Structure formats: C-alpha cells, structure tokens
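The structure under discussion appears below in the form of structure tokens.
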Amino acid sequence: MSEALEAARRAAAMRVAEYLDAARVVGLGTGSTVEVFLKTVYDKLTDKTLVASSIDTALAAKSLGLSPVDPVTVERLDIYIDSADEVDPLGRMIKGGGGAMTMEKVLASASDLRVFIVDELKVFPRVPHGRPIPVEVVPQAVSIVKRRLEDAGFGCRLRVPQGKRLPVITDLGGAVIDVEPPEHMELERVAGFLERLPGVIGHGIFIGYADVLVIGRSDGRVEVVTYRRPREERASPGS
Ligand code: 5RP
C-alpha cells in the first residue's frame, strides 16, 4: 500500500472516531483498513465491547492488547465498522476479498449504525467493477453450486491456495467461489439468485448496509457520505 493511501485510510479512520463516543458494543469488519482503524483509534476502543467478524480481526485486536468477545455472546451492536473492496455512489458494495463476508453481514445487520471506510481507489461509478463477487459455499456442495451458477451464465472460480486443489476454507468452514455474473444481470437480481441457491452460505453483495461511507482521499481530504441516520434518530418523531 502506498504511503498516501495508508495516510488516506488513517485520516478516514480518525473521522470515524467521532461516531464511537456514544457506542458501547462495536463490531469490527475484516481486512487491512480495519487494522488501520484499530491502530488509529485504539484509545477510543479500550472501554468498548468489541465483536470481531473474523479470527483474523480478533487476533489483530488481541495483538494490540484489546480483547474482543465471542460473537455468540452478543445480540445487537451499537455500531459496526468495516471496509469494502468496491463501492458505488449509492453505497452498494462488493465485499469478501478476505472471505469474511458472511459474519460481516451478520454483524452489520444487527448494528444500529454501519460505517464503512474506503480509500478513493475503491469508489467506482457502478459495482462490480472488474472484481469477481465472492460466494461462500458449503464445501461438499461446491461442484453442484458451481455447475448451477455456470448453467445460469456465471463465470466461476473456486478460491484455492496457490498450487493447490483443496479450497480455501473460511472461519465458518465454507469454501469460496469467486463469480462473475452475466453481463446484464442487475446486482439485486444477482443477490437474489445467490440467496435462493441451496449450498450458498453467504455472498459479498452488500446493498443497503452502508449508513455512512467515509472516503479517504490521497490529497488528505476525507469525504463523509451519509445514507441513513442511526436507528434511534430514524425512529424519533419527525424523522
Ligand atoms: C473482507 C472484506 C474487506 O472489507 C475487504 O476485502 C477490504 O479489505 P481491505 O481493507 O484489506 O482492502 O470484505 O471480507
């Protein structure tokens, strides 16, 4: 990662610190941006209940002296912080580069406020933009799911470690198929199709999950796009 990009992520993470003051239970996504966030706002996290979306993030937090709780002990979160691989101006995202999208979506869905930090290189006029969409699949079902996807016009690639046949296995015990949907299939339809396919555990299309998008730019500016306000504010009279 370039120095300017790293600085952009740090600046964006600093801005997100403002949202933490009122939060008690904080969910954490997975990936290098979340690690930058952890390091940058460490002081604001020491008195929070942290919930990690992956073993990777739990270990990153632990290495800093933080102690995330097991997600199974949590029923709802005040705020969820994460990044994405690609995002469009409507806040629609492609995630799952790190294969943690299923728990990321679960934590985001249970959170009052969802904030996503991206650098400017991840913003595109529409998504997906050249990257495949990760689909988490029951390992025993990979051949059947892959065939059904291919029959429906999807390009498919099973995610495997370099030089191996055995698939990469996620924290949840799933395999990952990276898919390219048929060219003119709307993203919502792709998501619906994947959700109806037996054997699919989850996928990396996130529509309606970004309440706030914080974009770090390499010239040092930070842009905040608000799609939805926190749940309590939305529920109050006149909102
Ligand atoms: C992991 C994700 C990540 O948010 C996404 O891959 C971005 O990662 P990074 O911050 O390393 O660029 O969806 O499942």
Side-chain angles (χ1 to χ4, degrees), residues 1-16 26-41 50-61 63-64 68 71 77 79-88 91-109 111 114-124 127-137 157 159 167-179 187 190-191 194 200-218 222:
M1 198 191 318
S2 78
E3 192 45 48
L5 215 55
E6 174 95 31
R9 289 182 179 192
R10 268 200 308 272
M14 291 285 274
R15 182 65 72 86
V16 173
V26 179
L28 301 167
T30 297
S32 53
T33 310
V34 168
E35 287 203 30
V36 169
F37 170 78
L38 283 172
K39 288 180 190 147
T40 309
V41 304
L50 301 177
V51 193
S53 58
S54 65
I55 296 172
D56 211 61
T57 297
L59 289 174
S63 74
L64 296 171
L77 296 83
I79 188 168
Y80 177 74
I81 315 286
D82 198 353
S83 183
D85 296 303
E86 296 181 344
V87 59
D88 73 10
R92 305 180 326 162
M93 298 176 286
I94 305 298
K95 292 181 44 56
M101 60 279 186
T102 303
M103 271 315 285
E104 290 174 341
K105 203 175 273 179
V106 170
L107 295 186
S109 73
S111 185
R114 292 82 57 95
V115 180
F116 290 82
I117 305 169
V118 294
D119 56 69
E120 62 189 349
L121 297 183
K122 292 178 169 181
V123 184
F124 299 99
V127 296
H129 181 94
R131 263 178 173 270
I133 298 167
V135 181
E136 188 169 12
V137 175
R157 175 126 38 131
R159 206 181 282 184
V168 166
I169 297 296
T170 68
D171 288 1
L172 304 182
V176 177
I177 302 177
D178 290 307
V179 307
L187 199 56
V190 176
L194 294 172
V200 168
I201 301 169
H203 59 77
I205 301 172
F206 283 55
I207 299 176
Y209 282 89
D211 295 329
V212 178
L213 184 66
V214 181
I215 307 169
R217 303 205 176 271
S218 45
V222 174

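All figures in this text were calculated on a predicted structure; none of them were measured in a lab. For this chain, numbers begin at 1 and follow the sequence in order. As the structure lists them, so they are numbered: ligands from 1, and atoms in each ligand from 1.
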Using heavy-atom distances, let me know which of Asp85, Ile94, Thr170 sits nearest atom 7 (C) of ligand 1.
-> Asp85
Within-shell test, Lys122 vs ligand 1, heavy atom, strictly < 4.0 Å | yes
Within-4.5 Å side-chain heavy-atom neighbours: Val118 and Thr33 | no
Give the atoms of ligand 1, by number and element, whose distance to some non-hydrogen atom of Gly98 is under 4.0 Å.
-> 1 (C), 6 (O), 14 (O)
Counting heavy atoms only, which of Asp56, Thr33, Thr30, Leu5 is nearest atom 10 (O) of ligand 1?
-> Thr33
Report the part of Asp82 in contact with ligand 1, treating N, CA, C, O as backbone and CB onward as side chain, heavy atoms under 4.0 Å; options are side chain, backbone, both, neither.
-> side chain
Option of least heavy-atom distance to atom 1 (C) of ligand 1 (set: Lys95, Met101, Glu104) | Glu104
Gly99: numbered ligand 1 atoms lying under 4.0 Å from its heavy atoms = 14 (O)
Minimum-distance protein heavy atom relative to atom 11 (O) of ligand 1 | Ser32 OG, 2.5 Å
Tell me, do Leu28 and Phe37 make a side-chain contact under 4.5 Å, heavy atoms counted?
-> yes
Does Gly96 come within less than 4.0 angstrom of ligand 1, counting non-hydrogen atoms of the residue?
-> yes
Just let me know how Ala84 lines up against ligand 1, side chain, backbone, both or neither, with a heavy-atom cut-off below 4.0 Å.
-> backbone
Does any non-hydrogen side-chain atom of Val41 lie less than 4.5 Å from one of Val16?
-> no
N/O separation below 3.5 Å, Ala100 to ligand 1 | yes
Between atom OG of Ser109 and atom CZ of Arg114, what is the distance when rounded to the nearest 0.5 Å?
-> 8.0 Å
Is the Phe206 ring parallel, tilted or perpendicular to the Phe116 ring (thresholds 30°, 60°)?
-> perpendicular
Mind checking whether Met93 contacts ligand 1 via backbone (N, CA, C, O), side chain (CB onward), both or neither, at a 4.0 Å heavy-atom cut-off?
-> neither
Can you tell if the side chain of Ser83 reaches within under 4.5 Å of the side chain of Lys122, non-hydrogen atoms only?
-> yes
Pull out every atom of ligand 1 sitting under 4.0 Å from any heavy atom of Arg9, numbered as shown with elements.
-> 12 (O)
Taking the side chain as every heavy atom from C-beta outward, state whether Asp82 and Met93 have any atom pair closer than 4.5 Å.
-> no
Provide the closest heavy-atom pair for Pro134 versus Ile94 in the form atom of the first, atom of the second, distance.
-> CD-CG2, 4.2 Å
Note, Leu107 side chain near Val51 side chain (heavy atom, < 4.5 Å) | yes
